[in-house]
Each structure stands twice: as structure tokens, then as C-alpha cells.
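Structure, as C-alpha cells:
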Amino acid sequence: MDHFFALIFPNSPFVWDGKGFSECFEDIVLDFAVNIVTIVMIVVLGFKQKIDCREAQRSFTQKTLPEKFVLDFVPAVGACFSVLEIIFLLKKEHDGHFIGYHKWLCSCSELLVWANVILFTKCASRSHTIVFNRVLCFWWILKPILGIFHLITKFPSLEVSVCIMESLVVLLNISFGIVINVIRIKRSSSKSSLLEDPLLSNGGDLEEGGNDDLGNSGNFLDFMTFKFISPVMNQGVLKQLDSDDLLPLLPDMSPSYCHDIILSSWRAQMSNNGSSPSLFRALCNAYGLPYLCLGLLKVINDGIGFAGPLLLNKLIKFLQQGSASWDGYLLALSLGIASIVKSFLDTQYTFRLSKLKLKLRSSIMTLIYEKCLYVNLAERSKFTNGEIQTFMSVDADRTVNLCNSFHDIWSLPLQIGVALYLLYTQVKFAFVSGLAITILLIPVNKWISKLIARATEQMMKEKDERIRRTGELLTYIRTLKMYGWELLFSSWLMETRSLEVKHLATRKYLDAWCVFFWATTPSLFSLCTFGLFALMGHQLDAATVFTCLALFNTLISPLNSFPWVINGLIDAFISSRRLSRFLSCPEHRRKVGENSSCSSSFPGKQPDSLQDLAVSMQDACCSWSSSDEQALNMVLNHVTLSLSKGSFVAVIGEVGSGKSCLLYSILGEMRLDHGSIYSSGSIAYVPQVPWIISGTVRDNILFGKSYHPERYADTVKACALDVDISLMVGGDMAYVGEKGVNLSGGQRARLALARVLYHDSDVIMLDDVLSAVDVQVARWILHNAILGPLMKGKTRLLCTHNTQAISSADMIVVLDKGHLKGMGSSADFPTSSYTAFSPLNEMDSTSHNQKSCSTNSSVSKEQSLPDRIIMDSLEGADGVIEVELRKAGKVELGVYKNYAAFTGWFIAVIICLSAILMQASRNGNDLWLSYWVDTTTEDGQTSYSMSFYLTILCLFCIMNSLFTLVRAFSFAFGGLQAATKVHNRLLSKLINAPVQFFDQTPGGRILNRLSSDLYTIDDSLPFIMNILLANFVGLLGIAIILSYVQVFFLVLLLPFWYIYSRLQFFYRSTSRELRRLDSVSRSPIYTSFTETLDGSSTIRAFKSEDFFFAKFTDYVTLYQKTSYTEIVASLWLSLRLQLLAAFIISFIALMAVDGSRDSLPINFGTPGLVGLALSYAAPIVSLLGSFLTSFTETEKEMVSIERALQYMDIPQEEQDGCLYLNPDWPNQGVIEFQHVTLKYMPSLPAALCNLSFKIEGGTQVGIIGRTGAGKSSVLNALFRLTPICAGSITVDGMDIRNIPVRELRTHLAIVPQSPFLFEGSLRDNLDPFKRNDDSKIWDALEKCHVKEEVEVAGGLDILVKEGGMSFSVGQRQLLCLARALLKSSKVLCLDECTASVDIQTASLLQSTISSECKGMTVLTIAHRISTVINMDNILILDHGNLAEQGNPQILLKDGTSIFSSFVKASSM
């Protein structure tokens, strides 16, 4: 036995050599024994597999390209390495060296391992299950770990060539172990998904298997080098890219697929943690496993990052020794190869992480959107619209950024730890002084990060409020301009913004401290470490100093990133908590024909007693409170109601009696606090303010249903839309703007009604659709639509004030302040009992035939041009809604200059100077160290005293810290200045823009600039510019040092710069286009989302959630495609830059080796300077990539400034005027139009044609005419919302063109067609400028008959909800009238303000106007004859011309007058 051991371990103790385990023992135990165990396992498992061959064939699955690569290529490379090692041993033996048997055993056993892997995988080529066996997979994780221990013990004593070979073998084992484990996990998860969902196994699995990665379908090299993006890049250089040029999305990245995954995880969270479900945990369940697998890739990548400093150490030692062997060339090439491997791993990690982030983003966006579709209005009331919009625009992105931060939070400390250990090997315990500084900074940074979290949370609250107020401002801009309140609203918005900026400033300055602490750490580290090392009596040499400098450089990135990572994590957790709170709201999902409200009274199946009922309410009490709030105000009280199928029910009552709420309660939009509500069959619904989607007329009618020409034509005719559509450019394919902005009120109502008719639902609920149209059209709609053949047999609920509709009803339901006052057929109610709620003299109840005949002709003659604009078609010229402009080419220099101007030129210069001086002080520090090393002799003697060297080093360190501090704070200050100025300028320009701009630009598009783009300018842009500047000065410093040390680098500089510039040109041409496409593809998401928030109750009523969700998913898909292409393009560039940098490193290293052999004609390189050059060449890889990435990112982020500047260049209203008004102007109220012509666009027909009339002061004038006659255009001209083309308008003899427009509007009073209340106290709503005391306000409310309702609600201090949701539409109209009366203007304009109130309230209003407005000039636009019959004068318009003018009583007596024909038509 002793003889055997002596053979195996010659000239060596068997186990212990006195200092540690012997080399022989380690080779046998850690290498040979491990290989033998591996071989035995492979053989046993291989034969076992042979026995189970049939089963294996049955479970055969298609091999993907990564699997082929792992099973064929990696073992082959491993076998080659083993053969190479054996050749090395043979060469050594041939040269006369003694080789122990243990060396031969290790090398041969390693070769046998790989040979067995190849053999058994080839024999079992049908299934390849052997290497994916669970036992073998686990063993192949242990095997490399033992290999690493073995390598660490041998590393210091090995030769360079053997050292590299051993490292490559261990690296290959690590890679093989990780990859087979990842594939095994993927295989097992796909098998389990196949078992769970057998229906998808035929097509879905094959597709996903084939497209698991883009590389599967193409060449593996193309995939690794991102060559598959080349067609897109080529197109980007030649032309402006569009969506068809983008890369296709992989199946597992499609938004619908991602949504299904996250939805199942979120539902599991809801069921397991009902009280506090967490979105973060749901995301972990959905994407945790692939994310953890990425962590393994990151470990390898980070590990290879340390190969550079270790190889550098070996190389400098080699150069110091001046050896003539070839090891130097091998080391130089190894430095380059390590850089190349790192660049491939780096880009692959980023690529896979980015794909995961895209999946995460689409998952969260679709989840938020779906929640908005299914959460009813009562539940949603605890969130403002601005808050919900922030969830989509900001919180979703912040949560996605968790992907970056979460791996970095463990990876960065790991990198720091390894770097510190390697420092210890170089300078022993001297590194502890540097470490002490780092540790001291940890609690400081922790404290700062807490303050940042607090500031961020406060900032987000203010951001929510600002976005809500901005949304309110954009929604009601027309009304605000008429009131002259836009400056007041913008000042409120500025107050909110200033609070947001205050918290942003806190955050930015705290960030600056973080940057300062972390950026100065390497310099302090260097000073303390080398200072202490020298003071401890050790000699500084080039290898030690520059290995340490290289390690300091690897420390810079993790140390600088750490505060941002912590901030990112904090932001992500805050945002995920906010999203969890919203997503955990109870949903309202109801299948067709089921209960609309959850109720204990009714099980899922219909009770027999309800078989013949369409709607049944049993003792129902409803409120607008959410489920976790206490119900304070019951809007419906103990309502019991049964409506039989096929009946026509009229719901009547005074303003605020609860008519709309009754419909909302049946739809399930309100909270049911008591009782039960049941509805049968499908439902269709038209709200009081019709909801119109942006799209074609046909889109609005079909609403997701398929097109049936016959039914469609009948529907259009029944709603009197046929003539309107025939007059539109493009017919029913004409484009309708956001919220139907380019349609009149009557057209919007009829379009919404057409949607209901076309859908053929069982229960049809109409909320006051007849009030928005004139008499003849209303009669046509009643008889041909509501009572017509298309609605025959349907249950119809109509909230109305219309007498004839009420008299035609099968049942009348009377509501009073939320109570059911009475119910019965029209025969049970005397006519007088409901005329109190209905407009008198509006329609008679004579023969239907006579009406149908007369109405048909009058409807066909109706001029259907909208008041504001004629619709263009999608195919036609430009469309009403302008296509969002997308600039082409590079971001112009002017955009950068503008940003510098916003920052302040002085600050910009300070930032640049401080950055240059900061870098100069850092380079000076390193040059001084190299000088110190070079002036130190071998026996430790130096030219100067050690204290002198340390003093200069200390001085450089202090300078570096000072300039870093100046740079950090000046950048924070400059960024804040720019953010403030951009917002203020943008808001100012928007406020002063004409109304036409808002009519042609969707609100979502403007809001996108004031939310996402502004967030970029606030936060991302200064951050990325700071990085760009640091990278630029860093590269400049490196280039200068390298050129000084290695003259031949100057020869390389020109071709290198040429290749670099060509690459960045090729990339930037595409990246700019992609960024712009990205911004443009984002706008439809926000526009669609904002639109859905407004119309979610209509979507739920029609059960169109799936249609809208699919539409939204299409928008997200385009956004995903753009982002995916953008990511691949940036990685294409990054890889090529890193490979270029690897070439530079190899060049510098080879030149240094050549110089040491005196092969170069010119060589200034002392060992110190060569060491410095090599330590500077190493970070070029990351710095070059980082520089261009930050440069292109800056250019991309600059698109936000470019987009903001676009809106700073929009047309502005003329604000100036040469006349200045007295506070009591107008004191007479005389209005005169002289030959006024008005056009909304130069290409459109005139809305007012040569119109002339005079209104005497103190008279009450009615303006009537059919839809589109130009009634509202008169007010548009008077308020100068649209400039007139010709003629003049005077008020009290003053031409209004010469009066400053805002001053003009503040001196006139108006009650708009759509009542406007904003979120705030009722007092602020009525008197925002606080010019009246409470007694005057109460007096105005009493005159307008809403005093009692306001007192019940809680007085003047009650909070009015967003959009005035606290009040009914009628009450809102009365409050708007009270606001107008408080203004005490001599001119009062009423734009159809009695359309939404019952006749009793309308007559009270008219008497109020008659009595309270004596001496005032009152212009009333009206649909009802009763509104204008008692006025002093009326103007009848037709096609923009004045058809008739005079006293209504006189005109009535004239049988030939147009007015008398109107009255006859309405059978007065």
C-alpha cells in the first residue's frame, strides 16, 4: 500500500505538507475523485435510460437551439481542453520535467467525463434526458464549486498558461452546470403546463417551443450578436420608420399572454391574502423563476469581471521581471478574451432582463386597464381620475424597474465583497482603512434613502393632484375660457406644481449627497489604503498599486450605483403598494342574464316569481360610497319596484330626485347597502351626457359588434342620423374627435341612441336623450326609435321631462329625493300631475301619422353641420383630430440649447467645469501614484520623504471631493430649474392656445406631455445627462493618459474613432426614430385609458369589456414592439462597442509586452506608467459602452424636451387690446353684430354668413334654430373663442376686437351647455375669486332653487367631487346659473341651460331670470318654444344666416312667419 501511495504521490507527503493539504492530496480528492463519481453517475444513469428507452421515446420533445448547443458543443469543447492539457503534460515530460501520476489521473479522468457525456447523449439521441436528470443536475452544481476551491489553492503557484487553462475548465463546468439546470427547470414547467392545459398542447406549445428565443429560428451566432435587428437598422438609415418595420413580438411577450399569467397570480393572491393582497408577491409568482435563473447568469458575468484585475496583476509582474518568455503575449491575449466573453454575457443578461421587464410592463398595464373596466363608479370614488392615470403612466414603470434593482441589491455587495478580498491579497490589512470609510457611509446613506422615500411619497401625492387638475383643465378648457378662469386654474395648478417641485428638490439634493459620498469613496479609499500600506513599512510596487487601482475602478460602478438601486427599490415598493390598493378593489362582473348586484335574496338561478320581470328592486337602498367607507348619504331610499318584460317605463321627478341614480343602481354602478336588485337579459344604456369614443361614426354605433348593413341602415334612419351622415365628408367613416368634440349636442345624443338600437338588447335604459334635440327631431326619435319596430318587445326605461314620452309610457315611475313617490300607468296619473315635471307645449298628443309625415320632411331638411367643425373622414384630408407629429432625423442642436437655457447658462458652464476638474484631479491622483512607484528603488529608497508623497496625494483627494460636490449640487439645481421652467412655459402656452387647438388635439396627447414627458424632464433626463458628462470626461482623461504613456495608441486612435463614429451613426439613425415611435405609440394608450375612465359605466352596461380590452391590448402590443426593437438595437451597438474596446485592451497589453522586450522604436513606458495605462484600459469596455448608451439615452430623453417645445410653438390667442375697460363695463348691454362671417377652418363653409343684428340693452333675446344652424357660433364669436373672418361685433359701442380677450370674457356672464363644476368646495365653485360674502351666495342659491339641496348636503364648505358628481346634471346647471348671477354682469348668455331640468324648475328659472335680470341683456339659446315665448325678442338662425327677428308675440300672430311655423310644428 505504501508503495502504491509513493507511486501516486512521489516526493510529497501523502496528505499534509506542514502548511496545508499537499498538492497531490488536493488533486486526488478535489479533482480525480470528483471526476470518478461523475463518470459512475453518467454510466449508471445512461444504462438505466437504455432500459427505459421506450418511455423516453414516447415523451420525445423537439430540441431547441440552446439545448443542441449545450449537449453537442460544450462537451466537445470540454474534451478539447482535456486533450490540450494532456498534450501540455506530454510536452513537459518530453522537456525533462517530472510529472506526478496524480496529474495524469486528473487530466485523463476529466477527458473521460466529457467523453461519457458525449457518448450517452448521442446513444440516446431521441430524448436526451440523461444530462437533465435531477441527480446529475444537482451534482453538476457541486462539481464546479469543488473545482473553484481547488483552483484557489493552486492559483498563486501556477504558471500563466496552466493558470488560464485551469480557469477555462472550471468556467466551462460552471456554465454547463447552470445551463442544464435552467433547461431542466424550463422542461419541467412546460410539462406541468401541458398537463394543466391539454387543449393548448396541439398548437400553443409547439409555437412557444419554436419561438422561445428569436435565435431558435435563425443562426445561433446571429442571435448572440443581435444580427437579426440588421434589417430594421438598414431601414432606419434610409427612411422614417413605421410600425410595419419593427421586430415581431415573441409569443410569450404578447400582452394577452402576459396578462393571463399575471391575472392568475393576482387571483391566487386575492384568494390567499384577501385582506392585503400584494402585487409584488403576484409578480414573484408569475415571473420569479425566470428572474432567478437570470441571477445565475449575473453571477458568472460578475465573476468574469474580476478576471481583468487578476490577469493585470500577473502581466505587470511579468513586465517588472522583464522575462523573455512568451507568457506575456498569452496574458495580453487573455485580457482581451476575458473582455470579449464578458461583453457577450453582459449583453445576453441585459437582453433577457429587458424582455422580462417588457412582459412585466404589459402585465401591469393590462391589469390596471382591466380593473378600470370592471370596478364600478362607487368603488372607484376613493381614487381620483388623476391618481388612476398616474398608476398607468408612472407607477407601472416604477414597479417594472424593480427588475433592475432587485438583482443589483445582492449583486453589488457581492462585487464589492470580492473586490475587497482581492484587495486584501494585494495590500493585506491596509485596505481596512478604506473599508472603514465605506462602512461609515452605509448608515448615512440609509438615513438619506429614508428621507428620499418620504420625499418621493409626498411628491407622488402632489403629482397625482397635479395630473388630476391638469386633466380637469383640459377637459373643461372651453368653459374656463368663456368664464375667463383659465389663469385662476393655472395658478392653482402652479401651486400644486410648486409643492411637487419642493419635494422633487428635496429628493434631488439628497440624491446629490448620495452621489458625492459614493463618487469620492474611490479617491478616499486609494489615499487611505496606500497611505496606511506605506506607513506600515511595505514597499509600493507597480503590480500592487495598479492591480489595486483596477480593483478600485471595478468598485466605482457598484459603489456609485448603490444609492440609485436603493432609490429604485424604494420607488418600486411604494408604487407596487399603491397599485395593490387599487387592484384589490371589489369588481363588478356580471354575465348576461344574471343578477346585476350581489344579493343574498336571489341565488344565481332566477326564481319563478321573477320569470316575467325585466327589473326588480326590493327595498333597495343605494349610495355612492365605496365598500370600505361608511354610507353617509343614501341616494335611493327603500325603493321597491317591479318592471315587466317588454314594457315602456318613464321615470320622472324633479332635478336631483334620483332618476339617473335609479339607472345606475340597476347597472350595478352604486353600492347596494340594503335590499336587492335583479335584472334579466342584456342591457344597453345611454347616459345623460352621451359618451362618444374617438373613432369613426360607424365605430361608435357598432361598439364592437359585427356590421349588418340592413339593421345598421334602419338604426341610422330611426335616429334621424341618415341626413347628418350623408353630409359628412366620408359618410359614416368620418372621424369623430375625443368626447364627440366635433359634433353638436343633439348629434352626440342621437349617435349614442343609435348604438343602443343597433345592439338589440333586452333592457334599454335612456337617461334624458330627448332634451338635447329640438322638437321635430325629438318626436321622430320617440316614434321611430323608442316606440319603433327596432325596440318592439324590449323593456325600455326612459328618464325624461318630455310630456308625450310620458303619456306614451306603459308605466310611470315618480321619484322624489331618492324615494319612490308613485308608480302606475299613464291612465292612473292625471295629465296635470306629470306636466309639472315636463316641458309644456313641446309636443302634442295628436295623431301619430300626421306627425310622422310632417317630421320626416323637417328632419330631412335639418342642416346637420356641427356647430364647431365639419367632420372629415379617416380617408379624407387630415381628419378633425390631427395625426400626432413625429419629427424625423437627429434631435436638433437647438433642442440642447433650449435645455441649457432652461437650466441657466451660468449653471451649465459651472457643471461642465466642475466635471472636467473632478476628472483632472482623479487622473492627477493616479499619475502621482505612478511617479511615486517609479521613483522608489528596489531597496525602498525614494526621492522625497513619504510625508511629501502622502501630502500631494491628500491634496488631490480633497480637490476631487470638492469638485464632485460642486458637480452634484449644480446638476441637481440646474435640473430643477429646467423642470420648473419647462412646465411653466408649457402651461402658459397651453392656457393661451385657442379653443380650436384643443378641439383638434386629444386630451390624452396633451396630458402625455404634462405627465410622462414632464416626468422624464423632472427625473430621468438630468440623471442620464449627469452620467453622460461623467462618462465623457472619464473617456477624455483615459484617452489623454493612454496617448501619453503609449505613443502607438495615437496610431490606433484615428481608425478607432472612424469605426466608432460609423457604428454610432448607424445606430443613432434608428434609435431616434424608435424613440419617437415609442412616444407616439404611447399616446393612444393614455388617450384610450382616459376615454375608458370616462365611459366605463357605458362599457359595462353593454358588456363590451372584452372588445375594449382587446383594443387596448393592440395599443400595448405596438408599444411593446417599439420598445423591444429599441432594446435589441441598443444591445446590437453595446456588443460591438465592447468588442472594439476588447481590441484596444489587447493592443495596449501587447505593445507593453513588446516594449518590455525592447522591440519598439519609441517607448516612454516606465513600469509605473505602463501599469497605469493597463489599469486605465480595463474600464474602457464599460466606459465606451456606457458613454454611447448614455449619449443615445440622453438623445432619446431629449425627445421629451423636443415634444414639449412643439407645444411651446402652438398658435396663441390674441391677448392684447388697445382698449381698457372700466370695472362696471358693459353698463348698458347693447350688442351689435355687423356683417359677421365666421369659419372654423379656412377650408370649411362659413358657420355664420354675413350676420347682422342689434340687441338693445336690458332686453331678453332668444336664439333658436335647428341643430347646426349656428346658435352656439354666435356665442363663440361674442366670446372670441373663434376669431371672425369679416365684420365686427360691438358691445356698448366698443369693438370687442380692441378689448384684451381675457378682460372681455370676465365682463360677460355665461351658463354653458355642459354644466361645469370642479373638485373643491362649493364656495370656490360659485365664487372662486372670493368677491361675494356668504349671504350673497345663499341669496343666489335661493333664487336658483338649490338652497335647500345645498343645506342638506352640508352647506357651502362641502367638497364637490370631480366633475360635480355629487350633484345631478340638473342641479349642476342651477349652480352654474347661481354662479352667473353672482358675477353681476350686464350681459348674461344662457346656452340651452334648461335642457336638463324639469318644466317646474325650468319655469322657476325663467321667472328668476325675468325678475333678477331686469336691466340685463340676456341671450338665451333654446330648444324649447316655452323658453323663448315670453322674451322681448327672438333671433331665428338658419345655415348661419339670420332668417327672422322680432318680438315672439308679434311673430306668432303673423301666420307666414318662420316662428309661427315652429310653434305650429310643436302644436302649441
Side-chain angles (χ1 to χ4, degrees), residues 614-615 643-652 659-660 662-663 666 681-688 690 701 703 711-722 724 745-813 825-826 834 837-839 842-852 854-856 858-859 1098 1101-1102 1267 1395-1396 1423 1466:
V615 176
L643 308 177
S644 54
K645 289 180 181 176
S647 58
F648 173 36
V649 181
V651 181
I652 61 173
K659 301 186 293 297
S660 298
L662 181 74
L663 302 189
I666 295 167
S682 54
I683 293 177
Y685 166 66
V686 178
Q688 195 164 3
I701 295 173
F703 212 59
R711 182 167 185 86
Y712 182 81
D714 292 343
T715 299
V716 166
K717 190 177 180 184
C719 296
L721 276 170
D722 46 354
D724 297 65
Q747 285 170 324
R748 286 198 289 270
R750 284 179 285 144
L751 195 56
L753 182 66
R755 180 190 298 157
V756 164
L757 252 72
Y758 188 79
H759 268 249
D760 196 28
S761 301
D762 302 317
V763 179
I764 291 157
M765 301 201 280
L766 310 170
D767 198 348
D768 207 13
V769 288
L770 300 176
S771 63
V773 295
D774 55 39
V775 177
Q776 293 92 331
V777 178
R779 186 188 298 126
W780 173 268
I781 287 171
L782 179 66
H783 293 297
N784 293 279
I786 298 170
L787 298 171
L790 291 173
M791 283 202 195
K792 196 172 182 183
K794 308 292 180 191
T795 309
R796 290 143 293 170
L797 269 83
L798 174 67
C799 294
T800 188
H801 305 130
N802 187 299
T803 317
Q804 191 165 359
I806 297 166
S807 61
S808 307
D810 303 322
M811 179 189 280
I812 299 171
V813 173
S825 66
S826 53
Y834 56 77
F837 304 120
S838 311
E842 191 165 354
M843 300 182 183
D844 73 32
S845 47
T846 56
S847 158
H848 287 184
N849 296 336
Q850 179 192 336
K851 286 188 192 114
S852 298
S854 63
T855 310
N856 200 13
S858 67
V859 169
T1098 307
F1102 278 91
T1267 305
S1396 300
H1423 278 146
S1466 61

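Computed from a predicted model, the values in this text were never measured in an experiment. Any value given below was found using the heavy atoms of this structure, including those in side chains, with hydrogens, waters and symmetry copies removed.
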Going through the distances and angles, do Leu797 and Ile666 end up as a side chain to side chain contact (heavy atoms under 4.5 Å, CB included)? CA-CA 11 Å; Leu797 269 83; Ile666 295 167; 3.8 Å; yes
What distance do [X] atom [atom1] and [Y] atom [atom2] have between them, rounded to the nearest 0.5 Å?
X	Y	atom1	atom2	result
Ile764	Leu790	CD1	CG	9.5 Å
Cys719	Leu751	SG	CG	8.5 Å
Cys799	Asp768	SG	CG	7.5 Å
Asp810	Ile812	CG	CD1	10.0 Å
Ile701	Thr715	CD1	OG1	7.5 Å
Ile652	Leu798	CD1	CG	11.0 Å

*Please check if the side chain of Thr795 supplies one atom and the backbone of Gly646 the other of a donor-acceptor pair under 3.5 Å.*
yes
### Arg711 side-chain N/O to Leu757 backbone N/O, donor-acceptor pair under 3.5 Å
yes
Criterion side chain to side chain contact (heavy atoms under 4.5 Å, CB included) on Val756 and Phe1102, from CA distance to verdict: CA-CA 9 Å; Val756 164; Phe1102 278 91; 3.7 Å; yes
* Test item: Val686 and Arg755 side chains (from C-beta on) under 4.5 Å apart, heavy atoms -> no
**Ser761 side chain near Ile683 side chain, heavy-atom distance below 4.5 Å** = no
Heavy-atom closest pair, residues [X] and [Y]:
X	Y	value
Ala1101	Tyr685	CB-CB, 3.6 Å
Val773	Val777	CB-CG1, 4.0 Å
Val651	Lys659	O-CD, 3.7 Å
Met791	Ile786	CB-O, 3.7 Å
Ser660	Asp767	OG-OD2, 2.6 Å
Ser808	Phe648	O-CD2, 3.7 Å

Practice prompt. Check step by step if side chain to side chain contact (heavy atoms under 4.5 Å, CB included) holds for Met811 and Ser647.
Written response: CA-CA 7 Å; Met811 179 189 280; Ser647 58; 5.8 Å; no
Could Arg750 and Asp724 be called an ion pair, given the rule that one side-chain N must be under 4.0 Å from one carboxylate O? yes
**Item:** Residue pair Leu770, His801: steps toward the side chain to side chain contact (heavy atoms under 4.5 Å, CB included) verdict
**Value:** CA-CA 9 Å; Leu770 300 176; His801 305 130; over 6 Å; no
